[in-house]
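Not measured: the values here are computed from a predicted model.
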Amino acid sequence: MEYNHKDIERKWRSKWAEDKTYHVEEDKAKPKYYVLNMFPYPSGAGLHVGHPLGYIASDIYARYKRLKGFNVLNPMGYDAYGLPAEQYAIQTGQHPAKTTEQNIARYREQLDKIGFSFDWDREVRTCEPGYYHWTQWAFCQMFNSFYCAKCGKAMPISHLVERFEKKGSAGLHAACGEELCFSAEEWKAMSEEEKDNVLMNYRIAYLGETMVNWCPQLGTVLANDEVVDGVSVRGGFPVVQKKTVQWCLRVSAYAQRLLDGLETVDWSDSIKETQRNWIGRSEGAEMQFRIDGSEDTFTIFTTRADTIFGVTFMVLAPESELVSRMTTDAQRAEVEAYLDATKKRTERERIADRKVTGVFTGSYAVNPFTQEKIPVWVSDYVLAGYGTGAIMAVPAHDSRDYAFARHFNLPIIPLIEGADVSEESFDAKEGIVMNSPREGVDAGGFSLNGLTVKEAIATTKRYVEEKGMGRVKVNYRLRDAIFSRQRYWGEPFPVYYKNGRPQLVPEHCLPLELPEVTKFLPTESGEPPLGNATRWAWDTVGETVTENARIDNETVFPLELSTMPGFAGSSAYYLRYMDPRNGQALVSPEAAEYWKSVDLYIGGSEHATGHLIYSRFWNKFLFDLGVSVSEEPFQKLVNQGMIQGRSNFVYRIKDTNTFVSKGLAKDYDVTPIHVDVNIVQNDVLDTEAFKAWRPEYATAEFVLEDGKYICGWAIEKMSKSMYNVVNPDMIVEKYGADTLRLYEMFLGPISQSKPWDSNGIDGCYRFLKKAWNLYHKGDDFAVSADAPSKENLKTLHKLIKKVTEDIETFSYNTAVPAFMIAVGELAQQKCAARSVLEPLAVLLSPFAPFFAEELWHKLGHEGTVCDAEWPAFDEAYLKEDSVTLSVSFNGKTRFTLDFPADASKEQIEKETLASEAAAKYLDGKQIVKVIVVPGRIVNIVVK
RNA sequence: GCCCGGAUGGUGGAAUGGUAGACACGAGGGACUUAAAAUCCCUUGGCCAUUACCGGCUGUGCGGGUUCGAGUCCCGCUCCGGGCACCA
């Protein structure tokens, strides 16, 4: 009986669906294991062969863990909100809800064909009210919380109010926008509005006026990770800086915990490093400088406090409030002209063109160590958003300060012995300090001369703190996340405005549903599309709903019209999978306690600074609330590489309709043209299909080589325009899902990017056929009850060992060849023993589930192959009977000796030295040492 | 500029410091066949030798080093990929 993948897969697909084979419930009797894939954006193009790569890898692990006795949660859902879905809807002129629905249906159909063991009863969609209820709920919790730096966690905002009533802001350590200082009396005297403004400064979800990345074409603000090189990641549109009021999440409060948490998770070094860079911790000091001729001071941040004696000027960011305070009347016109010019430059221009620009404010600062006067400048190379927006410039030891000093002819004082600063600055943190202070300069007895840079930094910091000149400070590059988008297709904020002040929609009114609108297109001016809503579905409290607003006691309270960004819905979905239909809570304490956190998370590394940061932040916040039971959401992370497309070309002779095969193309003047890879097999063009592909090729003629038309090829991004998109459906149709699964894993290491190359797929298909034939004799299923031979057992146990190890280490690309070898060996051994073939089917089941299921059924089992047990291997079958020692020197094998397999190194050495062979062949030489590697060749050193 | 990875046949890729190139593809040759498909067998890093059997040399980006032994470890480069970047 032939291996017929179509019948087998159809049969088991419907059986699994009917029986809900992969449905999972909490089961305290079994250990849990949580496998998760990054859920897909259901885009309009459907799945290509790159998408299932991670799903297959995780499915193999899920099935393996199930066979190992674990209760495995392996859910799937859709990240349906956000820019991509909306852009697609706009492009196709349809409502996003409709296109999303269609795309999901298509994804589901494709996913089902591949034989994943997802529990579809737990499916979530971020755009459904039952789901985004909890996205909105989490936002409300963040609004009602502040970050207490003393206890290192989020606390209810009501604690803060109580505290202000008792002590004011004195002694408060909390994450905030700006340090505020007020007494209990002052607090009590504040109006409601003033109090709201103060609290907003501390809330974890807050309304803040910030510089944002504004993208006019997309009609929305974007988070930092959504902008690269001054253009939007999605669409590549220009992004400008704009100061607006936006909802923000105080992610920066969690910077240190986000950094520390990386030590506890099993992620790749590269992705941890990426996150560390993104968080950008830098340890330094904040120092106060007095303004000359005034008692006024300002603060700078530096990581090189040791270079205080080399400060020859100060620089303020153009956006800094200090600028107007420091500008003298004489310099005012010049400074204002500079600020205007700077404002006009976009982020992109600033990156593209790094000209040294700046202007003197007219003021001088006083060096707190030497009392020297230092000119204060303004320049756009200092950023307002980092540190204090002001720096002390040390041109000798900072390349940017150096360029500035050279351009404006400011003094450069070297502080490190042997450093040559005539051509460039010496930025390295090494060497021996000098000129600190220089001769003749009085620093009140303080000196760093002779110390190493490292010692000098520490010494200066200590001194600065002792003398009250400043304090040790840690800065982070990580900024708060901007959380509003002026778009339609996203979660509505559960917020309305009362007298212009934001209020949360009462919890019992959640979810606040996304209303229908007549126009959902974004606007360049930034008016949110939700402004078009004629009706908000907010009848739950029985209150009247009118245009854009809610009437309460006959007052109109407008609702927040922005929506949440794409990352909102994807930040806690792994928690929702634990308890997806719960209407009372995001997740029940019981479910959260059982499933805890994701044990294995698989997805692309492109989410390193987006989703994977936000999600960790969101989880830490929920952990502080006691909702999530684990500080880190994803224990082990595997990043699958991208699958690139392998494009094929035909070569058309110029100005003709004749196409010449690759090998002959060099003899003609040809134009390479992309050809659909689906009509090319092993680089051989199906010429008839080519004629039918496009009307203009109907009359095409070919110059063949060896009767074939050979196409050229190149590795490119998989995209429609290059005709190199390979759809998994076609592979499943032709070879079956099992072959697709095996082949995708065989292609190469999971984390590596690699081109899709359908050339090798036949090999995997052949392997399945060979494996099938092991179980059949002619048309009959033929598995015998005979005892297996020793050889059979050795093959089996070698395989069990290899496959188990490979699955545990995600080396699926080497597990597949192990199967091929084992099946080849068993075929040669003519093995038909059930006690070998049955475990073989189980071992195969994670990789080729349909195939294994069919065999399992034929072997007479009632349940599914998932109920089987992962076979254990026995080292005893793998042992060699003996070790062969072969001694070679001068390029010749001189003699061999056999030893029992369990012989010790010492024993082998001793017996070798004493052997007759040694005496004979090593005539006149003396054996110095015998090197023994268990089960391996041995080396003998002679003298 | 700083921080991570990586480099092995025609191709994808294997190799706890121990016979480099497993396995697969492709290619070449052969068997079966009227023919094709399918299937099976042999060869396949390079160079040399060859009358057959047996061989020889060389070889994991480049240059050094450690070691009885290095694709693997150490030092110095080259090239490629990724992250961060006027972050003080």
[N] [atom2] sits how many Å from [X] [atom1], rounded?
| X | N | atom1 | atom2 | value |
| --- | --- | --- | --- | --- |
| A:Asp806 | B:A14 | CG | P | 10 Å |
| A:Asp427 | B:C3 | CG | P | 13 Å |
| A:Met314 | B:A88 | CE | P | 16 Å |
| A:Arg304 | B:C2 | CZ | P | 15 Å |
| A:Asp762 | B:C40 | CG | P | 12 Å |
| A:Gln644 | B:G12 | CD | P | 11 Å |
| A:Ile271 | B:C84 | CD1 | P | 11 Å |
| A:Asp225 | B:G82 | CG | C1' | 17 Å |

In whole Å, measure the gap between the [atom1] atoms of [N] and [M] for me.
| N | M | atom1 | value |
| --- | --- | --- | --- |
| B:C48 | B:G10 | P | 15 Å |
| B:G65 | B:A70 | P | 12 Å |
| B:G55 | B:A7 | P | 33 Å |
| B:C4 | B:C74 | P | 14 Å |
| B:G64 | B:A27 | P | 40 Å |
| B:U60 | B:A49 | C1' | 26 Å |
| B:A20 | B:G13 | C1' | 13 Å |
| B:C68 | B:C75 | C1' | 23 Å |

The side chain of [X] is closest to which nucleotide in this list: [options]?
| X | options | answer |
| --- | --- | --- |
| A:Glu273 | B:C3, B:A14, B:A88 | B:C3 |
| A:Thr302 | B:A88, B:G13, B:C86 | B:A88 |
| A:Lys769 | B:A38, B:C86, B:C23 | B:A38 |
| A:Ser282 | B:A24, B:A88, B:A22 | B:A88 |
| A:Arg477 | B:C25, B:A14, B:C84 | B:C84 |
| A:Leu383 | B:A22, B:U39, B:A88 | B:A88 |
| A:Pro817 | B:G13, B:A22, B:C86 | B:A22 |
| A:Ile821 | B:G13, B:A24, B:A22 | B:A22 |

For the student: nearest non-hydrogen atoms of A:Val227 and A:Val233, plus distance | N-CG2, 3.9 Å
Which is true for [X] with a 4.0 Å heavy-atom rule: it touches a base, it touches only sugar-phosphate, or it touches nothing?
| X | result |
| --- | --- |
| A:Asn813 | sugar-phosphate |
| A:Lys802 | nothing |
| A:Ile391 | base |
| A:Arg281 | nothing |

Could you pick out which residue, A:Ala818 or A:Tyr476, lies toward the 5' side of RNA chain B when each is mapped onto its nearest nucleotide?
-> A:Ala818
Could you say whether A:Pro755 or A:Ser270 is positioned toward the 5' end of RNA chain B, judged by the nucleotide with the nearest heavy atom to each?
-> A:Ser270
Using 4.0 Å as the upper bound for N to carboxylate O, is an ion pair formed by A:Glu263 and A:Arg276?
-> yes
Whether A:Arg281 side chain and A:Tyr476 backbone form a donor-acceptor pair below 3.5 Å = no
Keeping the roles fixed (side chain from A:Thr342, backbone from A:Asp380), state whether a donor-acceptor pair exists under 3.5 Å.
-> no
Pick one for B:G9: is it syn, with its angle within 90° of 0, or anti?
-> syn
Does [N] have a Watson-Crick or wobble partner in any strand here, with both distances under 3.5 angstrom, and which is it?
| N | value |
| --- | --- |
| B:A49 | none |
| B:A35 | none |
| B:A15 | none |
| B:C84 | B:G1 |
| B:U78 | B:A7 |
| B:A27 | B:U43 |

For [N], does either OP1 or OP2 sit under 4.0 Å from a side-chain N or O belonging to [X]?
| X | N | value |
| --- | --- | --- |
| A:Arg766 | B:U39 | yes |
| A:Tyr381 | B:A88 | no |
| A:Asn475 | B:A88 | no |

Answer with yes or no whether the side chains of A:Tyr3 and A:Asn773 bring together a donor and an acceptor at under 3.5 Å.
-> no
Can you check side-chain hydrogen bond (donor to acceptor under 3.5 Å, both in side chains) on A:Asp738 and A:Tyr765, steps first, answer last?
-> CA-CA 8 Å; A:Asp738 290 327; A:Tyr765 190 55; over 6 Å; no
Atom pair CG/OG1 of A:Asp806 and A:Thr814 - distance to nearest 0.5 Å | 3.5 Å
Are the aromatic rings of A:Phe313 and A:Phe404 close, with centres under 6.0 Å apart?
-> yes
